[in-house]
Amino acid sequence: MDIQFYNTLTRKKEKLNPIKPGEVSIYTCGPTVYNRSHIGNFRTFIFEDILKRVLLLVGYKVNHVMNITDIDDKTIKKANEENKKLKEITSKYTSEFIEDMNTLKILPANKYPAATDHIQEMIAMTTTLIEKGNAYVTDDGSVYFSINSFENYGKLAKLDMSSQKQTDRVASDEYTKDNIQDFVLWKSWKKEDGDISWNSPWGKGRPGWHLECSVMSTQYLSDHFDIHCGGVDNIFPHHENEIAQSCAALETDFVNIWMHSEHLNMADEKMSKSLGNIKTIPELLNDGYSPESLRYALISSQYRSKLSFSINKLEDAKKAVHRINDVFEKLNERSIESDSLPEEYNKFIESLSDDLNTPKALGILFNYLRKVNRKISKNELSKSEATMGLNFIKQADKIFALLVDKVIIPESISKLIVLREKARKEKQWELSDSLRDKIKEKGWIIEDTHDGYKCLPI
RNA sequence: GGCGUCGUACCCAAGUGGUCCAAGGGAGCAGUUUGCAAAACUGUCAUUCAUCGGUUCGAAUCCGAUCGACGCCUCCA
C-alpha cells in the first residue's frame, strides 16, 4: 500500500519511496535538556511516535535517531543559575525526558546521540565549510555560515532573505558578522561560559546549535536519508540552517521528506517555556489523567493542525479511552484463536497512510466499536466476530497505544468491594450504596455487570 | 512590512469538486437495561460549513474580497 506524507519542502503530499527498500531512516529533533519538557513538546514526539508505529505496522524496518541537545545558551544559563556542572543539569533533564517518553508509551529511538559527544565531528564539518568558502572566521574566533554562499537558502521556509524584517533581537545580537542574517557554526568562548569550552582551530569555544543535527543525522543515518521531523518552529531557522550546512559540506540531497507538527496551544497561545504557560507530564498525571488520556488528546487532531489544549479535551479523552478499553475487555472474554481482521481494518490503515490521519482512523475504529457493542447487547456477536474485533483493536493499539494495563486494585479498596458485594447479596442497598460512595471518594469507580463487578480508577 | 496556516454543531474534530440534504468522540435531551447507579444500547442533536460575491450542470471543498484567530521572519517541539 502507498503511504504518503506532507513534505514541508514541496508543500505537497508525497508518496514515501524509501532510499533503501523496506527500510525508513528517520531523524527527529530531540529536546534541549535544560528543563522538563512540556505536553506541547510531547505533541511532536507523539506525532513522531505515530509516524514510526505506522511504518512498522505496514512492514517497514525503521532506523530512528533522536538527538539530545546538551550544549547551548540555555543549558549553560541553567547550570550557572543553579551553580552546578553542565553535565549535572543535562543528565538530570535527559533522564526526566526519557522517563516521560516511557510514561507516554513512546517507542524509543534506536539511538540518542548527545551533542557534546560529537564536538570533533562538528569541528570537522565547520572546517570543511570554511575550506569550501561557505563559512568565515571572525576576529573573536567565532565561525559563521555565509547564507549568501548557499543558493537555496530559504527554500524550506520559503523565505526571501532580502525582504525579511530585522527584529531587535537580530540587530542587537551580533555585530561581527558580514551579513546580519548569517548564523553561527562555532561560538567563541565568553566569560559566562565558565569552564565550558572545547579547543578548536579557532580557539576555545563551543558549537552553534544547528550544527549538531547536521553532523549527527548524517553520521548515524548517512548523508542522504528519508525523513526529518520536528515542530513547525524548527522550520526556520533550525532546519533551514541544517540544510545549508549539510548540503554545502557534504554535497548531498540530505533529506527527502521534511515533516513538521503544528503547535499545541494553551488558550489560543502557543505553549512554550518562555511564555510560561506550560504543563508537564508529571503535573498532568498528578491531575488524574492517565498516559493513555494524554496520548488520545494529542492524537485526536491531525498533526498538521493546531491543537488547543484544555481540561475539557482531557476529560473527553478519558471517556474515549474508556470506551476502547471497555469493548476490548468484553471481546477478550469472548474470542477464540484466529488472526482474522474485519474489512474496516483496511480503511483504518488507509487513513493512517494518508499523512497520518489519526482522527479519521479513530472514527473508523469507533464506528466499528459501536457495531460490536450493538451486537453484544443483542447477544448476537459470534465468537469469530468477537475475535475479529479483538484483533482489530489490538492492531489499532499498535498505533495508538491506548489500551490500559490491567489495573492493580489496592487492598484497602478490595476490602470495601468485598463488603459491598456482601451487602448487595443481602440486598442491603443503602449500605452497598454508601460503600460505593466511599470507594469513589478514594478514587475508584465500581460498575456492576452481569458477570460481577468492575473496578476502575476515576 | 514579508511569508504561512486556519475559521465545520454546545465543545473537540474528519471531510478539500458529485458516493456529504457533512464521519467520529464528548456534552445535552428522551427511551431500553439496572435494586439504584455506572457502563452499554436505541433515538434525538449542522437544510449547513466565518461573511459576501464569482466559477461550475454541481462547492464546505475552486477563485476573489471582507472579517476574525494563530504561527514564523535567528530562544522555541
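Each chain gets a letter, A, B and so on, in the order the sequences are listed, and its residues count up from 1. Just so it is clear, the values below take in all heavy atoms, side chains as well, and ignore hydrogens, waters and symmetry mates.
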Trainee: What nucleic acid atoms does A/Gly40 come within less than 4.0 Å of, heavy atoms only: base, sugar-phosphate, or nothing?
Mentor: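 A/Gly40: base contact, heavy atoms under 4.0 Å.
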
Trainee: Does B/rG25 have its OP1 or OP2 closer than 4.0 Å to a side-chain nitrogen or oxygen of A/Lys318?
Mentor: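 Answer is no, no contact under 4.0 Å.
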
Trainee: What contact category does A/Ile376 fall into here, base, sugar-phosphate, or nothing, at under 4.0 angstrom with non-hydrogen atoms?
Mentor: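 Contact class for A/Ile376: none.
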
Trainee: Need one value for A/Ser432: base, sugar-phosphate or nothing, where a base atom within 4.0 Å counts as base even if backbone is also close, heavy atoms only.
Mentor: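 The residue A/Ser432 makes base contact.
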
Trainee: Mind checking A/Asp182 for me? I need base, sugar-phosphate or nothing, with any heavy atom below 4.0 Å counting as a touch.
Mentor: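 Since a base atom lies under 4.0 Å of A/Asp182, the category is base.
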
Trainee: Hey, does A/Ser261 reach any base, or is it just sugar-phosphate, or nothing, if we go heavy atoms under 4.0 Å?
Mentor: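 No contact.
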
Trainee: Heavy atoms under 4.0 Å, any strand shown: does A/Asn357 hit a base, just sugar-phosphate, or nothing?
Mentor: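 A/Asn357: backbone/sugar contact only, no base atoms under 4.0 Å.
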
Trainee: Assign A/Leu365 to base, sugar-phosphate, or nothing according to its heavy-atom contacts below 4.0 angstrom with the strands shown.
Mentor: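 Counting heavy atoms under 4.0 Å across all strands, no contact is made by A/Leu365.
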
Trainee: Can you tell which of B/rG15, B/rC41, B/rC36 lies closest to the side chain of A/Arg424?
Mentor: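 That would be B/rC36.
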
Trainee: Which part of the nucleic acid, if any, lies within contact of A/Arg370, taking any heavy atom under 4.0 Å across all strands shown: a base, the sugar-phosphate backbone alone, or nothing?
Mentor: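 Sugar-phosphate contact only - A/Arg370 comes under 4.0 Å of backbone atoms but never of a base.
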
Trainee: Would you say A/Asn357 and A/Gln302 are linked by a side-chain donor-acceptor pair, where the criterion is simply a distance under 3.5 Å?
Mentor: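 There is no such pair between these side chains.
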
Trainee: May I ask you to check whether A/Asp182 and A/Tyr136 show a side-chain donor-acceptor distance below 3.5 Å?
Mentor: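 Looking only at side-chain atoms, A/Tyr136 and A/Asp182 do form a donor-acceptor pair, the distance falling under 3.5 Å.
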
Trainee: Kindly point out which of B/rA13, B/rC70, B/rA77 is positioned nearest to the side chain of A/Ser301?
Mentor: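 The answer is B/rA13, which lies nearest to the side chain.
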
Trainee: Test for a donor-acceptor pair under 3.5 Å between the base of B/rA37 and the side chain of A/Arg436, counting only N and O atoms.
Mentor: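 Check passes, donor-acceptor contact within cut-off.
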
Trainee: Answer yes or no: is there a donor N or O on one side and an acceptor on the other, between the side chain of A/Ser335 and the main chain of A/Ala386, under 3.5 Å?
Mentor: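 Flag not set: sc A/Ser335 to bb A/Ala386 has no pair under 3.5 Å.
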
Trainee: Between A/Phe42 and A/Ile106, is any pair of side-chain heavy atoms under 4.5 Å apart?
Mentor: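 A/Phe42 vs A/Ile106: side chains touch.
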
Trainee: Under 4.0 angstrom, heavy atoms only, what part of the nucleic acid is A/Phe366 near: base, sugar-phosphate, or nothing?
Mentor: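 Sugar-phosphate, backbone atoms only, no base.
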
Trainee: Under 4.0 Å, heavy atoms only, any strand: does A/Lys330 hit a base, just the sugar-phosphate, or nothing?
Mentor: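 It contacts sugar-phosphate atoms only.
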
Trainee: Side-chain donor or acceptor of A/Asp160 under 3.5 Å from a matching atom on the base of B/rC3?
Mentor: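 Checked by distance alone, the answer is no.
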
Trainee: When we call it a touch if two heavy atoms are under 4.0 Å apart, what does A/His322 touch: a base, just sugar-phosphate, or nothing?
Mentor: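 A/His322: backbone/sugar contact only, no base atoms under 4.0 Å.
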
Trainee: Quick one: which of B/rG26, B/rA14, B/rA38 gets closest to the side chain of A/Lys360?
Mentor: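 The answer is B/rA14, which lies nearest to the side chain.
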
Trainee: Does A/Lys319 place a side-chain N or O at less than 4.0 Å from the phosphate oxygens OP1/OP2 of B/rC12?
Mentor: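 Answer no for this pair, as no side-chain N or O of A/Lys319 is under 4.0 Å from OP1 or OP2.
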
Trainee: Is the base of B/rG24 touched by the side chain of A/Asn367 through a donor-acceptor pair closer than 3.5 angstrom?
Mentor: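 Answer is no: no donor-acceptor pair is held.
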
Trainee: Go through B/rA13, B/rA39, B/rG26 for me and flag the one nearest to the A/Arg323 side chain.
Mentor: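 Nucleotide nearest to A/Arg323's side chain: B/rG26.
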
Trainee: Take atom P in B/rC52 and the same atom in B/rU8, then report the distance between them in whole Å.
Mentor: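 Nearest-Å result for B/rC52 against B/rU8 at atom P: 16 Å.
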
Trainee: Using a heavy-atom cut-off of 4.0 Å across all strands, would you classify A/Gln302 as base, sugar-phosphate, or nothing?
Mentor: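 The residue A/Gln302 makes sugar-phosphate contact but no base contact.
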
Trainee: Answer with yes or no whether A/Asp433 presents, from its side chain, a donor or acceptor under 3.5 Å of a partner atom in the base of B/rG35.
Mentor: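 Counting by modelled atom types and ignoring angles, a donor-acceptor contact under 3.5 Å is found here.
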
Trainee: Taking the same atom, P, in B/rC11 and in B/rU55, what whole-Å distance lies between them?
Mentor: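 Looking at atom P only, B/rC11 and B/rU55 are 34 Å apart.
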
Trainee: Of the nucleotides B/rC36, B/rA40, B/rA38, which has the atom closest to the A/Ile445 side chain?
Mentor: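 The answer is B/rA38, which lies nearest to the side chain.
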
Trainee: What nucleotide, of B/rA14, B/rG71, B/rG25, holds the atom closest to the side chain of A/Lys306?
Mentor: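 The answer is B/rG71, which lies nearest to the side chain.
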
Trainee: Reckon A/Arg420 touches a base, only the sugar-phosphate, or nothing at all at heavy-atom distances under 4.0 Å?
Mentor: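 Base contact.
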
Trainee: Can A/Trp429 be classed as stacking with the base of B/rG35, given a centroid separation cut-off of 5.5 Å and a plane angle cut-off of 30°?
Mentor: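 Taking the rule of under 5.5 Å and under 30°, the ring of A/Trp429 does stack on B/rG35.
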
Trainee: Looking only at side-chain N and O atoms, does A/Ser308 come under 4.0 Å of OP1 or OP2 in B/rA13?
Mentor: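 Checking B/rA13 against A/Ser308, no side-chain N or O comes under 4.0 Å of OP1 or OP2.
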
Trainee: Which part of the nucleic acid, if any, lies within contact of A/Lys74, taking any heavy atom under 4.0 Å across all strands shown: a base, the sugar-phosphate backbone alone, or nothing?
Mentor: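 Counting heavy atoms under 4.0 Å across all strands, the contact made by A/Lys74 is with sugar-phosphate only.
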
Trainee: Which one is paired to B/rC36, where only Watson-Crick or G-U wobble pairs with both distances under 3.5 angstrom count?
Mentor: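 Because no pair has both required distances under 3.5 Å, B/rC36 counts as unpaired.
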
